[in-house]
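Here the structure comes first, spelled out in structure tokens, and everything after it is commentary.
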Amino acid sequence: MTGDGGSDGRGVWGCAPARLGELLDLVDEAVVLCDRADGPVRGFNRAAARLFPGLRKGHPVSMSAAAPLARAAARRAERFHTVHEGRRLLGRLHTAGGPAVWLVRQIGGAQEAELALFEERDRSAFLDETTRRLGASLHHGRSVRALVEMVIPKLADVSVIVLPASGRRTHWHRAGPGDARSTGQVAVETIERVPKVADALYGLQPRPDVIRPQELAALDDVLPSELVRGEEALVVQLAAGGVPAGALIMLRGPERARLEDADIELAHQFAERAGLALATAALYSQQAHTIAVLQAGMAPEPLPVADGLGLGAAYRPAAEALRVSGDYYHVAPCPAGGVTFFFGDVSGKGAEAAVLAGHVRQSMRTLAMVRRGSDPLSDLLLLNDLVISAGHRFTTLVTGSARPRDDGSVKVEIASGGHLPPLALRGDGTVEEIVCEGMLVGVVPDPSFGRAEFRLEPGELMLLYSDGLTEAWGGVSGREMYGDERLADALAGCVGMQAPSVAERLELLTTEWLAGRPHDDISLLTLQAPPRRGSPPHHRPEGPGGSASTGEPGSP
């Protein structure tokens, strides 16, 4: 065993027996024993003498010819992979239970290729896991939390993501040991006191940049001093398509190796995937918020309470996830008693149809407030001009009023712009179609609209509905339309029921018919003259389900 650089191969290994030195000289791997990682050298075997001819017992590693050991010791690295004097070396440090022992071996072409393949597989597995985990959720908050956790311990011991600013403050999230507080807000002015972090946050730093932890002192609320203990950190820009999605700060503790080129490249590849995932999640969150606003603004308002009238409604948009529809309706009480109403269906479905439906609904509500429903035909003519100016879509519409009479009946006046005729459920269980022909609204500049008047006797009901109900495809085969006949039979089976229950039952029967299949927008509006007090319950014929009912109000 070589102890001082001699050539006899039988030197001493510190206080170890000579036999141990002889055995270690038989090992192909270089063995260097030190008091600590950076020296002084207490002994080394023959393989170490061949790799590092300048090794001398008693000299610190930093002063010897073993430059790879000195660099690794300076970085506090437990492993290294480097080229020294034309040789590719792979080394590791063993310190458990005694002095520091460096173990170094030279790797040949086959071994180097095998090591490179292993490292590449490890990097690929990490990046694949990144893609899988970050792509598993479109929730922005969950994506941020997963991101800061994923880099530990692969790339860092502590990680912080700073999100794009909203106003003069921004949110941050942190993962790492001893985190009592892992999220919070910080002023943009504070971030700008650390230029490298600010550049990454604003999308001005496309490549990862090394930064000394001392430069992060301004972020003491984000990175407490007990977490900033290493010699260097890495700031990485998160972006997608040039749009900033955040800045990622990664820190390593003093016991970890310093960042090498391979680590920085891996961090860059991670940031590309993470930035895309965050930008996608942020876009989805913005869309979800927009949809929520549309839902709130375009959903029908709750039906009012009207003396002498019963009201019911059902509303099922075609795009269940968006919950916006091209169907619309509105009922408003009249100061003199009764209600005014309108019910329509814009051509098409989805967001474009919903936007026009919103315009029509707002225009009709304004006309109802200004004109008090005195002339529904004039309202339709004004609306026709508005729809034509709005674009290439058209709408159907029924508008009118319902006013209770002293004898308990309800007088209904309607004007129709090409909508499906209302159905009246009479007291004996028959269903009558109220004929009121008219042209579509928004097709020609000078249309012809129809007008009709009729009465609902006590207990009788009027149904307004969209074609999504009768054109619902379903049944056993899934290739049959619900159709007018089934609707009339189902409505006849509702005799004696109250208006809200009728709307609910018809929607239920249509839903069962669809059996989960796609459908067009479906809307229903029921208006009923209340039954006389003490009147006997009606008996209705068998409905589509094959069962009869007692006809008691509210029964399904």
Side-chain angles (χ1 to χ4, degrees), residues 300-314 328-344 360-361 363-383 396-417 419-428 430-438 441 449-465 491 494-503 523-535 538 553:
E301 297 178 353
L303 296 175
V305 176
D307 293 337
L309 288 170
L311 299 170
Y328 55 94
Y329 59 83
H330 180 72
V331 182
C334 291
V339 297
T340 59
F341 60 85
F342 57 84
F343 187 102
V360 172
R361 186 176 63 178
S363 299
M364 289 297 294
R365 289 179 60 187
T366 302
L367 288 172
M369 289 188 294
V370 173
R371 302 166 64 88
R372 302 295 182 185
S374 59
D375 190 357
L377 283 177
S378 297
D379 292 348
L380 285 180
L381 289 171
L382 290 172
L383 181 65
T396 64
L397 183 70
V398 175
T399 183
S401 62
R403 292 181 172 85
R405 312 292 289 182
D406 293 340
D407 60 359
S409 65
V410 173
K411 179 183 178 182
V412 182
E413 299 180 68
I414 62 171
S416 177
H419 196 75
L420 298 170
L423 299 180
L425 175 59
R426 299 304 183 182
D428 60 359
T430 60
V431 175
E432 177 186 348
E433 183 179 283
I434 307 300
V435 179
C436 186
E437 297 180 350
V441 179
F449 298 126
R451 185 169 187 170
E453 294 184 9
F454 61 97
R455 285 179 181 268
L456 296 175
E457 297 300 328
E460 294 183 342
L461 175 143
M462 177 187 71
L463 169 68
L464 295 170
Y465 61 97
L491 182 58
C494 295
V495 65
M497 295 173 59
Q498 296 177 357
S501 299
V502 174
S523 296
L524 300 162
L525 178 64
T526 54
L527 186 150
Q528 185 178 41
R532 290 191 177 94
R533 292 184 180 181
S535 60
H538 294 282

Indicate yes or no: does R426 engage E457 in a salt bridge with an N to O separation below 4.0 Å. no

How far apart are the C-alpha atoms of L381 and F449, what are their side-chain angles, what is the distance that settles it, and do they pass the side-chain contact (heavy atoms from CB on, under 4.5 Å) test? CA-CA 8 Å; L381 289 171; F449 298 126; 3.9 Å; yes

Would you say the side chain of V410 lies within less than 4.5 Å of the side chain of R405, judging by non-hydrogen atoms? no

Closest non-hydrogen contact found for G408 with A529 is O-CB, 4.1 Å

Might you point out which heavy atoms bring G312 and A503 nearest each other, and give the distance in Å? C-CB, 4.0 Å

Hey, are the side chains of V502 and L463 touching, using non-hydrogen atoms and a 4.5 Å cut-off? no

In sequence, state the C-alpha distance, the side-chain angles, and the governing distance for E301 and R361, and then conclude on salt bridge (Lys or Arg N to Asp or Glu O under 4.0 Å). CA-CA 11 Å; E301 297 178 353; R361 186 176 63 178; over 6 Å; no

Assess whether side-chain contact (heavy atoms from CB on, under 4.5 Å) is satisfied between I434 and I414, documenting all intermediate values. CA-CA 10 Å; I434 307 300; I414 62 171; 4.1 Å; yes

Mark yes or no for whether H419, through its side chain, and Y465, through its backbone, hold a donor-acceptor pair below 3.5 Å. yes

Compare every heavy atom of P404 with every heavy atom of G338, then report the nearest pair and how far apart it is. CA-CD, 3.7 Å

Quick one: do M364 and L383 satisfy side-chain contact (heavy atoms from CB on, under 4.5 Å)? Show the steps, please. CA-CA 8 Å; M364 289 297 294; L383 181 65; 3.8 Å; yes

What's the separation between atom SG in C436 and atom CZ in F454, rounded to the nearest 0.5 Å? 9.0 Å

d(L456 CG, L425 CG) to nearest 0.5 Å is 9.5 Å

In short, L377 meets A415 closest at the heavy-atom pair CD2-CB, 3.9 Å

Kindly determine whether L525 and F342 satisfy side-chain contact (heavy atoms from CB on, under 4.5 Å), including the steps that lead there. CA-CA 10 Å; L525 178 64; F342 57 84; over 6 Å; no

Would you indicate whether D407, at its atom CG, is surrounded by more than 12 heavy atoms from other residues, nucleotides or ligands within a distance under 6.0 Å? yes

When you measure from the side chain of T399 to the backbone of F341, do you find a donor-acceptor pair of N or O atoms at a distance under 3.5 Å? yes

Beyond-backbone contact of S401 with R403, side-chain heavy atoms, under 4.5 angstrom: yes

To check you understand the geometry: which heavy-atom pair defines the closest contact between L524 and Y329, and what is its length? O-CE2, 4.4 Å

Euclidean distance, E460 CD relative to L527 CG, rounded to 0.5 Å: 12.0 Å

Between E413 and P376, is there a side-chain heavy-atom distance shorter than 4.5 Å? no

Between NZ on residue K411 and OG on residue S409, distance to nearest 0.5 Å: 10.0 Å

Rounded to the nearest 0.5 Å, how far does CG of L461 lie from SG of C494? 8.5 Å

What distance do L423 atom CG and E432 atom CD have between them, rounded to the nearest 0.5 Å? 9.5 Å

Return yes if some donor-acceptor pair links the side-chain N/O of Q528 with the main-chain N/O of G459 below 3.5 Å, else return no. yes

Under the side-chain contact (heavy atoms from CB on, under 4.5 Å) test against L491, which residue among T430, V431, T526 passes? V431

